[in-house]
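These notes are about the structure you will find just below.
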Amino acid sequence: MADQSYNKSTEAAPEAQQAAKFVAAACIGGALLVMSGLTLTGTVVGLVLVTPLLLIFSPVLVPAGIAIFLAVSGFIFSGGMGIAAVSALSWIYRYATGKHPVGSEQLDQARMRLANKARDVKERAKEYGQYVQNKAQEVTEGS
């Protein structure tokens with residue numbers, strides 16, 4: 001008999017937990033929905049009140065906003081280029097001192113491929129020069 005009452009209480013516990021979770025979620029969701037509505041209302045009221053001021057001062061505010069945007073973007077771009085330059089110089093210093101920074105293997109492979117290609121072009125140019133010289137000799141001997 002005690003076992004049956006124990007089983008009923010453990011079965012009722014998950015239902016009570018689910019109900020408590022649902023009530024808590026509904027309360028939090030309702031509060032957030034009310035706050036969202038109040039924020040929207042405040043934004044609309046503020047926009048209605050400030051719109052005449054924005055229209056009156058727009059000949060001053062728009063160019064000022066553009067100037068501020070250009071100045072801020074210029075500073076950000078300049079800072080970014082400075083960071084890029086410092087990191088590039090740091091990478092070059094580590095590469096020159098033999099510390100093998102990230103990507104140095106790719107640079108070495110590219111350098112080797114370029115050297116091999118230059119050697120191939122040099123050999124082809126030499127062969128073509130000999131071919132042209134032979135043809136010139138044939139032409140001069142044939143005349």
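Bear in mind that the values here come from a model prediction, so they are computed numbers and not experimental data.
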Supply the members, apart from [X], of the Ile/Leu/Val/Met/Phe/Trp/Tyr cluster built from side-chain contacts under 4.5 Å; use none for a lone residue.
{"X": "L38", "result": "V34"}
{"X": "V62", "result": "I66, F69, L70"}
{"X": "V72", "result": "I68, I76"}
{"X": "L49", "result": "V45"}

**Prompt:** Are F57 and V50 co-members of a hydrophobic cluster defined by side-chain heavy atoms under 4.5 Å apart?
**Reply:**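 The answer is yes; both residues are in one hydrophobic cluster.
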
**Request:** For E123, look at atom CD and say whether over 12 heavy atoms of other residues, nucleotides or ligands are found less than 6.0 Å away.
**Result:**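 Yes - once you tally the heavy atoms of other residues, nucleotides and ligands closer than 6.0 Å, there are more than 12.
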
**Where at least one partner belongs to residues 33-62, residue pairs that pass side-chain hydrogen bond (donor to acceptor under 3.5 Å, both in side chains), sequence neighbours excluded** =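 Checked against side-chain hydrogen bond (donor to acceptor under 3.5 Å, both in side chains) - neighbours excluded - no pair reaches residues 33-62.
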
What pairs with [X] under side-chain contact (heavy atoms from CB on, under 4.5 Å), at least two apart in sequence or on another chain?
{"X": "Y93", "value": "T97"}
{"X": "R124", "value": "none"}
{"X": "I92", "value": "none"}
{"X": "Y128", "value": "Y131, V132"}

**Request:** List for me each residue that meets salt bridge (Lys or Arg N to Asp or Glu O under 4.0 Å) alongside K21, sequence neighbours excluded, and say none if there are none.
**Result:** none

**Pairs involving residues 103-115, ordered by first then second residue, that meet salt bridge (Lys or Arg N to Asp or Glu O under 4.0 Å) (sequence neighbours left out)** = D108-R111

**Prompt:** side chain to side chain donor-acceptor pair (under 3.5 Å) with N116: which residues, sequence neighbours excluded?
**Reply:**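 Result, side chain to side chain donor-acceptor pair (under 3.5 Å) vs N116: R119.
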
**Asked** Where do G103 and W91 come nearest, in terms of heavy atoms and distance?
**Response** C-CZ2, 4.1 Å

**Message:** How long is the straight-line distance from CD1 of I83 back to OG of S78, given to the nearest 0.5 Å?
**Reply:**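 That separation rounds to 10.0 Å.
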
